[in-house]
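Report on one structure; see the data block that follows.
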Amino acid sequence: MTNPADHACIAGQRLNPESLMMSYGYTPAWSEGAIKPPIFQTSTFVFKNAEEGKAFFELAYGLRQQGPDEEMGLIYSRLNNPSLEILENRLTLWDEAEEAASFASGMAAISTTLLALLQPGDVVLHSEPVYGGSDFFLKNVLRKFGIEAVGFRPSASVEEMQAQAAAIAPGRLAMVYVETPANPTNHLIDLDACAALARQYATPDKPVRFVVDNTFLGPVFQHPLKHGADVVLYSATKFLGGHSDLIAGAALSSHALMKEIKAMRTFMGTMCDPNTGWMLMRSLETLKLRMERAAQSAQLIADWLREHPLVERTHYLTHLEGNPVQQDIYQRHCLSPGSMISFDIKGGEAEAFRFLNALRLIKLAVSLGGTESLAEHPGTMTHSDITLEDQKEMGITPQMIRLSIGVEDPQDLMLDLGQAFEAVGMPKEVEVAEMV
Ligand SMILES: *Cc1c(COP(=O)(O)O)cnc(C)c1O
C-alpha cells in the first residue's frame, strides 16, 4: 500500500475529510482500475514465501520492532483486511486521529477498549446516563473482573466531579469515561474539565485514560481528541452507517493505545467484517451531507416544537437559554446542535403513547442517526432498566419523547408531528395556525 497521506493534499494544501471519503487510502490501479475498492471477502492471505510469512508474524506478535517504512502485512482477517484498513484510514480523518480500529458493533468497540485498558482493582469514573449496554457493561461485566464503576450525577458540577475523584482510593482511578451529549436529555459534559481531571490523577506508573463515546454528535460536530480525550468511540450503527442497515463500531486513538486495543480485538474477535466495512465506506461519502441536512431540519423542528401548545419543554442544544454553564460547554465543544431532539409532551405516558402511535412518516423505533426519522419513549424503551427515581434525577420523564431527525423534508416531518399532536387532543384551529 502507498502512504494514504499522499492522497490528502493538493499543492501542499490539506483537503477536507468530505473531499477524501471517496478516494483516501485506495488506488484504482490495485483493482483493475475499479473506482471503488472491491470487498475483500476473504478469511486468509497467501504469503509470497515462507520468509514473508515469518516476517509478518514477527510484527503481528511484537517479536521485533517495526522497520521505519515497514507496514503490517496481511495475515488473516481477524487481524486485518484491506477493506477494513481503507475504512480505518478514512475514519481517522474526521477526528484527526493517528489510528482507528473498526468493530462488529458499538458495544464491541466499547467492551474491547475497556478490557484492553483496564485491569483488576481499577476504578472507572463515568458520566450518567450512558447508553444502556455501556451502563450494564460498566456496572455488571467489569465487576466480574474486579473493576469498579463509579458514576457521577448528571448535573454534577466540575467541583462535585473533583470531589468524587478525590474519594477514590489513591492509585485506583484508571479511566474517566464520558458520553456527551447524554442520551436522551442532551445534557452536556465538560470534556476539558474531564481531561484535566484525568491528567491530575495520572502518575508515571498509573495513567488515567480519558475515553469519550462520541456517537451522538458524531465526528462531524464534535472532536473530543482536541479536548484531551485519549480514545474516541463510536457506534457506527448510528450516524457513521447512517442508513439503519448495519451494526458496527469504531475506536480512534494514538498509535500506542491503538496497539493495545487492536491486540485485544484480535483475541476477542470483535473486528468488523469486510462487507460491513465496505458499506460503512459508502456511508462515509455522505456523512457530512446527511448530518448537516438532518441538523438543519432538527433546528427548525425543535424551534417549532418549543412553541407548540402541547409541548411542555424541549431538550435541544440551541435551547439552553438560562443555563450559562451548558451554553459555555456547547460553545467550546459542539459545531452544531445535531439532530437529536427530546421533548416533554403535556400530560404523561398516556399522551406520549397516543402521540407515538399516531405518527405516520416518522417510525416508532429505537436507534438513531439514520436517513429516516425515528421516535421512541425513553422511559419505557431505551432507558426502561433505570429505576423511576434515577430516571427522575436524570430528567427522563414519563411524557418524554425522543426524536432522531433524518433527511426527509422538514415540512413533511412537521406535518406528521402536527397530525400526531392533533390525535393526542389538540384543537384543530390552533394546529392549523401553528403549521403555517
Ligand atoms: C447505540 C449506541 C451504542 C451501542 O452501539 P451498537 O452499535 O448498538 O453496539 C453505544 N453508545 C451509544 C451512545 C449509542 O447510541
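Just so you know, ligand 1 is whichever comes first in the structure, and atom 1 is the first atom listed for that ligand.
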Taking the six-membered ring for Trp, is the centroid-to-centroid distance between F421 and F355 below 6.0 Å? yes
Close aromatic pair by centroid cut-off 6.0 Å: H377 and F353: yes
Pairwise ring-ring contact (aromatic ring centres under 6.0 Å, His included) hits with a residue in residues 225-249, at least two apart: H227-H333
Donor-acceptor pairs under 3.5 angstrom involving side-chain atoms of residues 162-174: please list them, not counting sequence neighbours.
from, atom 1, to, atom 2, distance (Å)
Q164, NE2, G151, O, 3.0
R172, NE, G121, O, 2.6
R172, NH2, G121, O, 3.1

Per the under 4.0 Å non-hydrogen criterion, ligand 1 touches S105, G106, M107, I110, Y131, E179, D213, T215, S235, T237, K238, A248
Are a donor atom and an acceptor atom from the side chains of T276 and D273 found within less than 3.5 Å of each other? yes
Determine all donor-acceptor pairs shorter than 3.5 Å in which one atom belongs to a side chain in residues 359-366; sequence neighbours excluded.
from, atom 1, to, atom 2, distance (Å)
K363, NZ, R360, O, 3.2
K363, NZ, L361, O, 3.2

